[in-house]
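Here the structure comes first, spelled out in structure tokens, and everything after it is commentary.
Residues take their numbers from the sequence shown, with the count starting at 1. All ligand and atom numbering here is 1-based and tracks the order in the structure.
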Amino acid sequence: MIIAIDGPAGAGKSTVARRLAERLGAAFLDTGAMYRAVTLACFQRGIDPSDAQACAATARSLEIGFESDGTMTVDGAPTDPAIRSEDVNLRVSEVSAHAGVRETIVAQQRAVAERLGDVVAEGRDTTTVVFPQADLKVYLDASPAERARRRAAEVGRPDKVERIEAALRARDAHDSGRAHSPLRYDPQAALVLTDGLGVDAVVDRILALVEERRS
Ligand SMILES: Nc1ncnc2c1ncn2[C@@H]1O[C@H](COP(=O)(O)OP(=O)(O)O)[C@@H](O)[C@H]1O
Ligand SMILES: Nc1ccn([C@@H]2O[C@H](COP(=O)(O)OP(=O)(O)O)[C@@H](O)[C@H]2O)c(=O)n1
């Protein structure tokens, strides 16, 4: 069984997908973390994020592994927390837009799902491109203000909410405006709007959809 969860930054994809996977006894696949790992490796190797060929070669050179609990390894080592840094936030959309990067990473995502079996995958394009055959597709969304409030709380900077909202909107615009696998809504996906809903309420709503599909 594959459940794919799509949606913009801060909609709750990773939090909800991780918890849903636990509840279902399925593996959790964080696709954004893979693009973040490629971006960090480019920085470490002095590669310009605009250099499509070099970024694609970097993606091909990395050995990204996943445990069933969602733990990601890069070249056999635990993932560097710097994949969540502000520097990576600013360039990941550009690196992940290169067709050669996507080709490699999407193939790896499919191979991981094949190996792990029951999977909850989250990330932009998981419903539309990576797993179009998913048993359940969900598009999670929330208003930009709500998404920015969540991110600001997450990083302990409620005073920076306006700056964070501007950065989220810019990344959303870049992700949805680009040629390769833009952030877009698959009409087969169940739209779940999460403003005013807690994480558990969102998970329960998706579990109800899983039950509906099963019956
Ligand atoms: N339904 C929700 N209600 C309140 N906070 C949420 C909800 N879903 C996620 N969050 C919080 O919002 C932040 C961003 O969520 P995250 O899962 O990282 O989003 P995404 O993966 O879509 O970018 C996290 O701190 C998370 O705990
Ligand atoms: N399936 C995916 C997942 C992420 N990405 C890219 O990687 C970036 C980071 O993804 P993420 O899921 O960690 O981002 P957040 O939504 O958690 O902020 C996104 O802004 C996209 O540019 C992608 O292109 N395709």
Side-chain angles (χ1 to χ4, degrees), residues 4-21 28-40 42 49 55 59 64 70 72 79 81 83-99 101-110 112-113 120-131 134 138-158 161 164-165 167-184 186 192-206:
I5 303 184
D6 221 318
K13 299 181 298 297
S14 26
T15 311
V16 166
R18 187 185 293 277
R19 211 169 287 185
L20 186 67
F28 163 55
L29 178 60
D30 178 348
T31 61
M34 299 172 81
Y35 292 104
R36 288 175 178 275
V38 176
T39 305
L40 182 63
C42 287
C55 289
I64 302 180
M72 191 177 89
T79 312
I83 66 164
R84 311 267 165 209
S85 66
E86 193 57 31
D87 286 347
V88 171
N89 283 343
L90 288 173
R91 305 305 292 268
V92 59
S93 190
E94 191 178 352
V95 170
S96 62
H98 299 309
V101 171
R102 301 203 74 79
E103 197 182 312
T104 298
I105 297 299
V106 167
Q108 290 190 11
Q109 289 161 3
R110 291 182 180 142
V112 169
V120 181
E122 66 90 357
R124 298 160 184 77
D125 91 341
T126 47
T127 60
T128 50
V129 175
V130 190
F131 302 115
V138 175
Y139 191 94
L140 277 191
D141 208 350
S143 62
E146 170 70 17
R147 295 189 284 116
R149 265 197 301 278
R150 290 175 185 172
R151 269 291 144 82
E154 190 178 23
V155 297
R157 294 304 300 261
V161 70
I164 290 175
E165 183 174 338
L168 282 185
R169 282 182 186 270
R171 189 145 59 90
D172 288 348
H174 192 273
D175 285 343
S176 53
R178 68 198 193 187
H180 297 291
S181 29
L183 171 63
R184 61 194 155 90
D186 182 313
V192 177
L193 298 175
T194 67
D195 290 79
L197 282 184
V199 175
D200 283 324
V202 177
V203 172
D204 286 343
R205 196 165 284 191
I206 300 174

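Protein heavy atom at the shortest distance from atom 21 (O) of ligand 1 is Ser14 OG, 2.7 Å. What sits closest to atom 4 (C) of ligand 1 on the protein, heavy atoms only, is Arg150 NE, 3.6 Å. In terms of protein heavy atoms, atom 3 (N) of ligand 1 is closest to Leu197 O, 3.1 Å. Arg151 NH2, 3.1 Å is the protein heavy atom nearest to atom 18 (O) of ligand 1. In terms of protein heavy-atom proximity, atom 9 (C) of ligand 1 is closest to Gly12 CA, 3.5 Å. Distance from atom 17 (O) of ligand 1 to its nearest protein heavy atom, with residue and atom name: Thr15 OG1, 2.5 Å. Val199 CG2, 3.5 Å is the protein heavy atom nearest to atom 7 (C) of ligand 1.
Arg150 approaches Gly12 most closely through the heavy-atom pair NH1-N, 4.1 Å.
In this structure, Thr39 and Ser96 have side chains that are not in contact, with every pair of non-hydrogen atoms separated by 4.5 Å or more. Counting heavy atoms from C-beta outward, Leu20 and Ile5 have side chains that approach closer than 4.5 Å. Considering only heavy atoms from C-beta on, Asn89 comes within 4.5 Å of Arg36 through its side chain. Under the 4.5 Å side-chain criterion, counting only non-hydrogen atoms from C-beta, Tyr139 is not in contact with Thr127. At a threshold of 4.5 Å between non-hydrogen side-chain atoms, the residues Cys55 and Cys42 count as touching. Residues Asp6 and Arg124 are in side-chain contact: their nearest non-hydrogen atoms beyond the backbone lie under 4.5 Å apart.
Close contacts of ligand 2 with Ser96, meaning ligand atoms under 4.0 Å from a residue heavy atom, involve 6 (C), 21 (C), 22 (O), 24 (O). Using a 4.0 Å cut-off to heavy atoms of Ala9, the atoms of ligand 1 that qualify are 23 (O). Ligand-side atoms of ligand 2 in range of Ser93: 22 (O), range being under 4.0 angstrom from any heavy atom. Atom numbering of ligand 2 starts at 1 in the shown order; those under 4.0 Å from a heavy atom of Arg151 are 15 (P), 17 (O), 18 (O). Residue Gly32 approaches ligand 2 through these ligand atoms, each under 4.0 Å from one of its heavy atoms: 3 (C), 4 (C), 10 (O), 11 (P), 12 (O), 13 (O). Each of the following atoms of ligand 2 lies closer than 4.0 Å to a heavy atom of Lys13: 16 (O).
No N or O atom of Gln109 sits closer than 3.5 Å to an N or O atom of ligand 2. Considering backbone and side-chain N/O of Val202, none are found under 3.5 Å from N/O of ligand 1. Residue Thr126 places no N or O, backbone or side chain, under 3.5 Å from any N or O of ligand 2.
Heavy atoms of Met34 come nearer than 4.0 angstrom to ligand 2 in no pair at all. Heavy atoms of Pro8 approach ligand 1 to within less than 4.0 angstrom. Within the 4.0 Å heavy-atom cutoff, Ala11 counts among the residues contacting ligand 1.
For the atom pair Ser143 OG and Arg149 CZ, the distance stands at 6.0 Å (nearest 0.5 Å). Interatomic distance, Arg91 CZ to His174 NE2, rounded to the nearest 0.5 Å: 9.5 Å. Taken from CG in Leu29 to OG1 in Thr126, the straight-line distance is 8.5 Å, to the nearest 0.5 Å. The line from CD of Glu86 to CG of Leu90 is 5.0 Å long, rounded to the nearest 0.5 Å.
At a heavy-atom cutoff of 4.0 Å, ligand 2 is contacted by no atom of His174, backbone or side chain. Under 4.0 angstrom from ligand 2, the non-hydrogen atoms of Arg124 come from both its backbone and its side chain. Within the 4.0 Å heavy-atom criterion, neither part of Glu154 lies near ligand 2.
Results of the side-chain contact (heavy atoms from CB on, under 4.5 Å) test with Arg147 over Asp195, Leu168, Ile164 single out Leu168 as the only residue that passes.
Using a 3.5 Å distance cut-off with no hydrogens or angles, the side chains of Ser14 and Asp30 do not pair a donor with an acceptor.
The closest non-hydrogen atom to atom 7 (O) of ligand 2, taken over Val92, Val38, Thr15, comes from Val92. The option with the heavy atom closest to atom 14 (C) of ligand 1, from among Glu146, Arg18, Glu154, is Glu154. Among Arg205, Lys13, Arg19, Arg147, the residue whose heavy atom sits closest to atom 20 (P) of ligand 1 is Lys13.
Between Asp200 and Arg19 there is a salt bridge, with a side-chain nitrogen of the basic residue lying less than 4.0 Å from a carboxylate oxygen of the acidic one. Electrostatic pairing of Glu165 and Arg169 counts as a salt bridge here, judged by a charged N lying under 4.0 Å from a carboxylate O.
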